[in-house]
Trainee: 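I'd like to ask you about the structure that follows.
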Amino acid sequence: MADQNRRIKVAELDFDGIKTNLKNYLRGQSQFSDFDFEGAGISVLLDVLAYNTHYNALYHNMSVNEMFLDSAAKRESVVSIGKMLGYTPKSAICPTATIQLVVSNVSGNPDTLTLPTASTFTSTVDGTAYTFQTTSAYTASKSSTNTYTFPAVVITEGTMVTNTYTAASNTRYLVANANADMTSLGVSVQEDPNNAAYLGYTLVDNIVNAGPSSRVFFTKEVEDKLYEVEFGDGAVGFAPPNGATVKVSYCVSSLTAANGSKLFTYTGGGLGSSTVNITTTSAASGGADQESIDSIKFNAPKSFAAQNRAVTADDYKVILPQLYDNVDAISVWGGEENDPPVYGKAYISIKPKSGTTLTESTKLNITNNIIKSKNLVSVIPEIVDPDTLGIIVQSTVYYNQNVTSKAKETIASQANAVVQNFNTANLNKFDSVFRFSALSKEIDASDVSIISNSTQINLKKVLTPTLNVATTYTLPINNPIYNDAKSLRAYVAISSTGFTLSGSNLVYFLEDDALGNIYTYYLTGGNEKVYSASTVGTVNYETGLITLNNLSISGTTLSNGTINISIEPSSYDVVSVRNQLASIANEDIVVSAIADKVASGESTSSADYVHTKVR
């Protein structure tokens with residue numbers, strides 16, 4: 001035992017354990033074998049030793065944690081490790097909007113009219129006014145009515161700020177605002193004090209593009225969530241001479257607050273006293289905060305693996321969110337995986353953080369400017385819109401009224417809220433799977449009184465028709481459709497809301513015949529169905545592909561101009577394929593509650609148990 005006490009145990013890290021180990025160690029020495037450690041002054045010395053050891057253990061534990069990306073907690077540590085992987089965290093982003101200007105009553109009616117750079121516009125969101133401005137000039141020609149139309153003017157929210165520095169060996173060129181949008185960063189240098197000209201420098205992220213005379217700069221995140229501009233050293237990039245004047249200009253963002261701005265007023269003075277009519281093409285979107293610690297931890301290793309090039313689908317998923325911030329979810333698949341296959345293409349579907357789809361101009365900007373330099377020459381990227389596949393949930397919950405004082409409406413409301421939360425947590429993202437059993441389990445757990453639930457789901461496709469034009473519509477459900485019928489119209493798996501056809505005032509509906517064909521029908525005064533003589537489409541029950549051929553639709557019964565198509569799936573587990581987003585809309589949730597008389601003991605024979613229909 002004495003031999004064991006002569007060894008110091010290093011496994012303990014808390015104060016009491018350390019002090020006990022020190023006492024046991026000293027007791028193992030012949031000089032202190034009968035010593036009273038509690039009553040002697042040496043106890044104070046042991047406290048000091050234990051505290052010192054405890055502090056050092058804690059300090060070294062925290063220091064070591066900050067050395068690794070997975071365990072680091074401080075932003076500075078995460079950013080520093082990311083820097084070693086060649087990763088620069090994304091900055092704040094200024095919201096942008098697209099508007100159309102029609103200018104009239106222009107003095108002198110010149111042949112062309114220019115909307116200057118930094119022309120300002122204002123918009124109000126929740127009582128707060130925000131300033132937007134153009135980042136480049138636009139020119140329009142005079143029309144026959146002496147008006148000037150600027151069809152697609154991009155305006156950016158924020159305030160332009162310029163920091164000025166004098167070049168020296170110890171000068172740090174800071175972007176002195178944590179809300180700076182680094183995509184708007186501009187750097188110019190007056191290299192010769194006797195020459196008023198400023199030369200522009202270009203941001204690069206690859207030293208291959210930087211020779212000794214290249215006027216380039218690099219950026220990195222530093223302390224307090226700020227960014228710093230770095231110039232070359234004369235070998236990699238040109239080094240501005242000492243005494244040169246450096247201007248660092250950038251836009252300071254209001255982050256997400258200005259997202260959604262859609263009513264704009266021209267406040268610039270470049271158009272004089274002209275009349276300016278503004279139409280919003282796309283509301284302000286894309287405003288975002290600086291990249292979070294968790295996001296850096298997730299993206300930095302993947303960015304390193306991608307090596308700044310887009311070859312695999314995972315490369316696109318990493319690179320695009322770095323270069324374009326308005327990405328909430330992204331799906332990428334090769335042309336060989338498309339239906340039908342299109343070789344030599346990479347398909348990209350982006351669910352934006354704000355809005356439902358990207359504008360055509362944004363898509364072109366992404367493919368032609370943002371990812372073109374990262375993409376393989378032989379692969380053509382194409383951006384497609386997300387395709388929402390709705391899930392309709394109808395649920396009846398059975399509860400024991402002996403264990404709750406809540407009204408059945410309250411219990412139904414709680415279950416309804418659970419379905420909404422399930423949608424938020426598990427759906428509305430690519431490559432997701434709606435798992436029916438998981439939802440059913442959460443509905444049961446929504447209240448202690450609930451015994452069970454009987455839940456039915458259907459799928460919903462929203463069709464926006466092209467009016468008065470014979471059009472073929474292809475609706476890929478990508479999930480098997482229920483079909484257990486052996487004869488004509490023995491079972492209906494596909495139905496729709498009403499619409500009208502060109503040349504007729506009747507209200508028609510869609511319905512499958514259980515044999516793979518789709519017909520239209522209308523209702524007589526006695527609610528009898530009168531089917532069309534020929535088919536208007538087909539359905540593949542195994543693949544879930546619905547095709548409607550040459551339908552000339554003139555109107556819909558729904559006020560929003562759409563047709564809702566209801567589909568009964570073969571399986572209650574629903575998968576999102578490629579650009580599909582499975583989603584449960586609040587209006588598609590119907591929950592009712594029934595008191596279970598068997599569970600409460602009111603019914604002894606179970607003869608009055610209330611059954612609910614599943615199919």
Side-chain angles (χ1 to χ4, degrees), residues 79 83 86-94 96 112 114-120 131-139 154-253 268-270 290 308 323 365 369-370 372-373:
V79 169
K83 192 185 305 179
Y87 185 79
T88 301
K90 289 177 288 186
S91 69
I93 299 294
C94 294
T96 59
T112 60
T114 298
L115 180 68
T117 302
S119 295
T120 56
T131 299
F132 288 73
Q133 58 187 307
T134 57
T135 56
S136 60
Y138 295 83
T139 301
V154 178
I155 54 177
T156 301
E157 186 277 332
T159 303
M160 290 303 299
V161 175
T162 299
N163 301 137
T164 303
Y165 300 93
T166 300
S169 58
N170 59 348
T171 300
R172 298 183 65 192
Y173 308 98
L174 293 177
V175 178
N177 194 302
N179 291 339
D181 181 351
M182 295 297 286
T183 63
S184 67
L185 183 66
V187 176
S188 57
V189 180
Q190 183 189 19
E191 297 177 356
D192 184 356
N194 299 317
N195 187 340
Y198 278 82
L199 300 178
Y201 281 58
T202 304
L203 172 66
V204 294
D205 56 5
N206 193 326
I207 62 172
V208 174
N209 302 321
S213 60
S214 300
R215 285 175 169 80
V216 297
F217 66 91
F218 308 87
T219 60
K220 64 179 180 180
E221 184 180 329
V222 290
E223 68 276 3
D224 300 324
K225 302 175 74 172
L226 300 179
Y227 287 84
E228 182 178 350
V229 172
E230 289 185 320
F231 294 100
D233 58 0
V236 179
F238 180 76
N242 288 343
T245 301
V246 177
K247 288 187 176 182
V248 178
S249 302
Y250 50 90
C251 184
V252 176
S253 169
Q290 201 170 17
N308 204 34
L323 304 176
N365 180 51
N369 299 322
I370 295 180
K372 187 175 182 179
S373 62

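Atom set for the values below is all heavy atoms of this structure, side chains included, hydrogens, waters and symmetry mates excluded. Source: prediction; values computed, not measured.
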Trainee: Could I get the full list of side chain to side chain contact (heavy atoms under 4.5 Å, CB included) partners for Thr171, not counting sequence neighbours?
Mentor: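 Residues passing side chain to side chain contact (heavy atoms under 4.5 Å, CB included) with Thr171: Tyr165, Ala168, Tyr173.
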
Trainee: I would like to know whether Val216 and Tyr201 meet side-chain contact (heavy atoms from CB on, under 4.5 Å); could you show each step before the answer?
Mentor: CA-CA 5 Å; Val216 297; Tyr201 281 58; 5.7 Å; no

Trainee: Give every donor-acceptor pair under 3.5 Å between a side-chain atom in residues 226-242 and any protein atom, sequence neighbours left out.
Mentor:
from   : atom 1 : to     : atom 2 : distance (Å)
Tyr227 : OH     : Pro89  : O      : 2.8
Tyr227 : OH     : Lys90  : O      : 3.3
Tyr227 : OH     : Ser91  : N      : 3.3
Tyr227 : OH     : Gln290 : NE2    : 3.3
Glu228 : OE1    : Arg172 : NE     : 3.3
Glu228 : OE1    : Arg172 : NH2    : 3.0
Glu230 : OE2    : Lys220 : NZ     : 2.9
Asp233 : OD1    : Ala235 : N      : 2.9
Asp233 : OD1    : Val236 : N      : 2.9

Trainee: Can you tell me how far apart NZ (Lys372) and CG (Asn365) are? Round to the nearest 0.5 Å.
Mentor: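 Those atoms lie 12.0 Å apart.
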
Trainee: What are the two closest non-hydrogen atoms of Val175 and Ala180, and how far apart are they?
Mentor: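 Looking at all heavy atoms of both residues, the closest pair is CG1-CB, 3.5 Å.
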
Trainee: Mind listing the closest non-hydrogen atom pair of Gly158 and Gln133 along with its distance?
Mentor: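 For Gly158 versus Gln133, the nearest heavy atoms are O-NE2, 3.2 Å.
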
Trainee: Which pair of non-hydrogen atoms, one from Ala137 and one from Thr117, has the smallest distance, and what is that distance?
Mentor: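 Between these two residues, the closest heavy atoms are N-OG1, 3.2 Å.
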
Trainee: Does any part of the side chain of Met182, heavy atoms only, come nearer than 4.5 Å to the side chain of Glu221, both counted from C-beta?
Mentor: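 No, side chains not in contact.
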
Trainee: Would you give me the side-chain donor-acceptor pairs under 3.5 Å for residues 246-253, sequence neighbours excluded?
Mentor:
from   : atom 1 : to     : atom 2 : distance (Å)
Ser249 : OG     : Thr162 : OG1    : 3.0
Tyr250 : OH     : Asn163 : OD1    : 2.6
Tyr250 : OH     : Ala176 : N      : 3.3
Ser253 : OG     : Ile93  : O      : 2.9
Ser253 : OG     : Leu255 : N      : 2.6

Trainee: Walk me through whether Leu174 and Val222 qualify under side-chain contact (heavy atoms from CB on, under 4.5 Å).
Mentor: CA-CA 9 Å; Leu174 293 177; Val222 290; 4.0 Å; yes

Trainee: Could you walk me through whether Val189 and Leu199 pass the side-chain contact (heavy atoms from CB on, under 4.5 Å) check?
Mentor: CA-CA 5 Å; Val189 180; Leu199 300 178; 5.5 Å; no

Trainee: Atom OG1 of Thr135 and atom CE of Met160: how far apart are they, to the nearest 0.5 Å?
Mentor: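 Output value for this atom pair is 9.0 Å.
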
Trainee: Quick one: side-chain hydrogen bond (donor to acceptor under 3.5 Å, both in side chains) partners of Thr183, sequence neighbours excluded?
Mentor: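 side-chain hydrogen bond (donor to acceptor under 3.5 Å, both in side chains) list for Thr183, sorted by chain: Asp181.
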
Trainee: Between Thr131 and Thr159, does a side-chain contact (heavy atoms from CB on, under 4.5 Å) hold up when you go through it step by step?
Mentor: CA-CA 8 Å; Thr131 299; Thr159 303; 5.9 Å; no

Trainee: Just verifying a value: how many Å separate Thr96 OG1 and Ile155 CD1, rounded to the nearest 0.5 Å?
Mentor: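 Those atoms lie 9.0 Å apart.
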
Trainee: Taking only residues two or more places apart in sequence or in another chain, which ones pass side-chain hydrogen bond (donor to acceptor under 3.5 Å, both in side chains) with Asp192?
Mentor: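 With sequence neighbours excluded, Asp192 shows a side-chain hydrogen bond (donor to acceptor under 3.5 Å, both in side chains) to no residue whatsoever.
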
Trainee: For Thr245, what residues pass the side-chain hydrogen bond (donor to acceptor under 3.5 Å, both in side chains) criterion, not counting sequence neighbours?
Mentor: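 For Thr245, no residue satisfies side-chain hydrogen bond (donor to acceptor under 3.5 Å, both in side chains) once neighbours in sequence are set aside.
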
Trainee: Just how far is it from atom CZ of Phe218 to atom CG of Leu203, taken to the nearest 0.5 Å?
Mentor: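 The CG atom of Leu203 is 9.0 Å from CZ of Phe218, to the nearest 0.5 Å.
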
